[in-house]
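Reckoned from all heavy atoms, side chains included, excluding hydrogens, waters and symmetry mates. Fair warning: this is a prediction, and the values are worked out from it, not measured in the lab. In what follows, chains carry the letters A, B, and so on, assigned in the order in which the sequence lines appear, proteins first and then strands, with residues in each chain numbered from 1.
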Amino acid sequence: MKRALDRVGRTLPSTTGVLAVFGVVILALPTAIILVASLTKGHNIVFPPHGLTLHWYGKLFSDETIHNGLTHSLYVALVAVVVDTVAGVMAALALAGTLRRGSGIARVFLSLGIMTPVVVSAFAFYTVALNIHMAGNLTIVGLGVAVVVFPFMLWTISSALADRDPTMVEAAATMGADPVEQFLFVTLPLLAPGIITGAMLVFVLSITDFLISLVLTDVDTQTLPVVIYSGLRSNVSPLLGAATVLFIVLAAAVCGLVLRIGKLERFVFGR
Amino acid sequence: MEAGVLEGRRRSRGLGWRGVDALIAVRRAGSKVGLGRVAGILLLVPALALMAFLLVGMVTLISHSLHQYDTFRLKGGAFSFEQYESVWNDPHFREVLVRTLWMSGLTTLITLALAIPFAITMARSRRRWLRLTLLVIAFLPILTGDITRTYGWLVVLDSKGPVAWVVEHLGLGHLSLLGTLWAVGIGTVQVLLPLAILIVLPAVMLIDPDLSAAAQTMGARPRHVFLRVILPQLRLALFGAAAVCFTMGMNEFANPALLGEGVRDYVGNLLYATYLILPNPYKGAALGIIMLVVIALGVALITACGRLLDRRRRGAAA
């Protein structure tokens, strides 16, 4: 047994490679298959596909349910981005500046949205919405998503703040800049990439939000993920695949932008 | 000095600069009144207001879970623990809870087993395009959202899909994975893997290659190098990743609902059904609180195991 294990051990480097490939397949296969599925000719998705067509993408723009769903999703994302950006910038500044000593606890508290299960948070929002008679209201959905996604904005801006060169602000001060001017003309521009990165992350995470929208919306205010979910329960159709591709394209765009603006590569690899 | 500099600048100003001057005046007035400390707290107000939305809801849920509920008249009743009793004594709940716990643990282990090689490959690769590609592959699924991932697996694992096609052409017979825990598990691993990689990668990048090289010069076989040299350096990150993966595994909703085709429900699905379909929101609230407690206990257990192993190692070294 031991000798067999040693033989396996000697090939361990390639075991790493095999497992890594396995990981890549699990991560990338569904996304790739969705692209193929959205181009399928028939109403049912079979492999190999009987033929390829762009028909479903055309139907995307004419189908009313999907069109409404997309509009609702965009609105929810907009609300979440605006709320999270304002709250996030202000909170990050407060935590890095005057409130630095208690900032650890404050950060954990502000990350509550991620620490509770989304389904429980969704129903927490639901009870509040019911009590103020705003069940099904899309702004409430936006606020709920904003709470759950807030930590991403906070982390992004906080790390941008921490990365910022402190001597820049000092240099401005020595040249007579008032603290207001220091903030407006030195700090804010330096933070801009971080703010944009955070905003894009919040945007894509809130436009694809599923569970909170499922609980908080009703039939008239469904967001696109909920529309797709309802459709999936009856038939896995290529039309829904085309709608899903929207999300993939959006996610890929944000990924690319975050890599360029957000210096993600340097953050992850340190090179 | 300040007054003189400002006087000099105030003469030829456009509208924007006037606004800046106004803000400066406000700040000066504020600091005379002692607004400095308060400003910090004021800045936190929007974020705190957001959290208040969640907190008020959670408190309401806790309160609901401790009251009776009339399912006919759809109204709340007197203080009582009966919601908790009703949930805990429900055999269907127990079945679902065990299923969720078991699957969360299993998928966590599988995810960690896949995350380590992935992170090692990313860290060791010398070509920038490979690192970037792996990075994008790892993080794109997080951004595409729950429904996108589940839809992908619905197509991939379908009995007419690519995996079944390959299996049949290899002569291994018919494959029907949808509606089984296998499908739900595979879907869950895809959700957990990016997070595990994200947590393990920093630790993998900090692995000292000299230690592995030293071990090999002293005759250690690759298996030993991995188990005794590399893995212990990753221990902290692995337990952190395990805690996160366990939590996210317990939170799964879309995968059990769609990939399990309604017969492999997780606790989250049961909560949804209890709250909105039964409907008994008070019982659902109790279910939610129990879910929170179970997850917290699980995370505490994992963290405690990590600390225990840490202490054992230090004891052995000493």
Side-chain angles (χ1 to χ4, degrees), chain A residues 5-6 9-10 12 16 19-20 22-24 26-31 33-34 37 45-47 86-87 90-91 93-94 97-99 110 112-113 117-121 123-125 127-128 143 146-147 150 176 178-181 204 208 210-211 225 228-229 232 236 244 247-248 251 254-255 268, chain B residues 5 20 23-24 27 37 40 43-44 46-47 50-51 53-54 56-58 60-61 114 117-118 120-121 131 135-141 143-149 151-156 160-162 165 189-190 193 201 221-223 226 251 253-254 258 268 271-272 275 284 288 291-292:
Chain A
L5 273 175
D6 283 349
R10 214 170 297 142
L12 210 57
T16 308
L19 287 178
F22 212 65
V24 167
I26 288 201
L27 286 168
L29 185 61
T31 314
I33 291 293
I34 292 178
I45 304 175
V46 292
F47 191 85
V86 169
M90 291 170 73
L93 287 171
T98 50
L99 294 179
L110 291 176
L112 263 182
V118 181
V119 64
V120 177
S121 311
F123 281 110
F125 298 136
T127 51
V128 174
L143 288 176
V147 172
F150 183 69
D178 185 272
V180 169
E181 293 176 312
V204 76
T208 57
F210 165 64
L211 200 38
I228 298 177
Y229 174 75
L232 283 178
V236 182
T244 310
F247 292 146
I248 296 178
V254 169
C255 218
V268 170
Chain B
V5 171
V20 178
L23 284 174
I24 294 179
R27 184 202 68 82
R37 284 252 95 188
L43 281 179
L44 271 186
L50 262 186
M51 293 304 130
F53 185 18
L54 179 59
V56 169
M58 290 298 301
T60 316
L61 279 185
L114 289 177
F118 197 97
I120 290 180
T121 311
R131 280 203 309 268
L135 191 61
V136 171
I137 289 180
F139 292 122
L140 194 63
L143 298 179
T144 56
D146 280 346
I147 275 292
T148 310
R149 296 183 285 219
Y151 180 88
W153 288 113
L154 271 177
V155 177
V156 168
K160 294 187 225 110
W165 183 80
V189 168
Q190 192 207 16
L193 200 48
L201 191 59
R221 303 215 175 80
R223 163 174 71 102
F226 183 72
N251 293 351
F253 186 93
L258 289 170
L271 208 181
Y272 183 85
Y275 204 107
M291 188 178 174
L292 271 176

If you take all heavy atoms of A:Pro225 and B:Ile147, which pair is closest and at what distance? O-CG1, 3.7 Å

Measuring from atom CG of B:Leu43 to atom CG of A:Leu93, what distance do you get when rounded to the nearest 0.5 angstrom? 6.5 Å

So which heavy atom on A:Ala251 is nearest to which on B:Thr144, and how close? CB-CG2, 3.6 Å

Smallest heavy-atom separation, A:Ile26 atom then B:Gln190 atom, equals O-CG, 3.3 Å

Ranked by heavy-atom pairs below 4.5 Å to chain A, first place among B:Val56, B:Leu258, B:Ile120 goes to B:Leu258

Determine, stepwise, if the pair A:Leu110 / B:Leu44 fulfils side-chain contact (heavy atoms from CB on, under 4.5 Å). CA-CA 10 Å; A:Leu110 291 176; B:Leu44 271 186; 4.2 Å; yes

Quick check on B:Thr60 against chain A: is it the side chain, the backbone, both or neither that has a heavy atom closer than 4.5 Å? side chain

Interatomic distance, A:Leu29 atom CG to B:Trp153 atom CH2 [nearest 0.5 angstrom]: 5.5 Å

Where is the tightest heavy-atom contact between A:Thr16 and B:Pro117, given as atom of each residue plus distance? O-CB, 3.4 Å

Where is the tightest heavy-atom contact between A:Val119 and B:Gly268, given as atom of each residue plus distance? CG2-O, 4.0 Å

Top residue by heavy-atom pair count (under 4.5 Å) with chain A, among B:Gly145, B:Gly152, B:Pro162? B:Pro162

Please give me the minimum heavy-atom distance between B:Met51 and A:Leu112, naming the atom from each residue. SD-CB, 4.4 Å

Applying ring pair (Phe, Tyr, Trp, His ring centres under 6.0 Å) to A:Phe210 and not counting sequence neighbours gives A:Tyr229

Contact class of B:Met58 relative to chain A, heavy atoms under 4.5 angstrom: both

List the steps, then state whether side-chain contact (heavy atoms from CB on, under 4.5 Å) holds for A:Phe150 with B:Leu50. CA-CA 9 Å; A:Phe150 183 69; B:Leu50 262 186; 4.2 Å; yes

With rounding to the nearest 0.5 Å, note down the distance linking CG in B:Leu61 to OG1 in A:Thr127. 4.5 Å

Rounded to the nearest 0.5 Å, what separates atom CG in A:Leu27 from atom CZ in B:Arg149? 10.5 Å

Measure B:Phe53 against the heavy atoms of chain A and call it side chain, backbone, both or neither at under 4.5 Å. both

Non-hydrogen atoms of chain B under 4.5 Å away: do they reach the side chain of A:Ala91, the backbone, both or neither? both

Select, from A:Val118, A:Thr208, A:Thr31, the one with the greatest count of heavy-atom pairs under 4.5 Å involving chain B. A:Thr208

Return the option, out of B:Leu54, B:Asn251, B:Val156, with the maximum number of heavy-atom pairs under 4.5 Å with chain A. B:Leu54

Max heavy-atom pairs within cutoff under 4.5 Å with chain A, candidates B:Asp146, B:Leu140, B:Thr121, goes to B:Leu140

At what distance, to the nearest 0.5 angstrom, does CG of B:Leu114 lie from CZ of A:Phe22? 7.0 Å

Greatest number of non-hydrogen atom pairs under 4.5 angstrom with chain B, of A:Val236, A:Val204, A:Leu232, A:Ile248, falls to A:Leu232

So what's closer than 4.5 Å to chain A heavy atoms on B:Leu154: side chain, backbone, both or neither? side chain

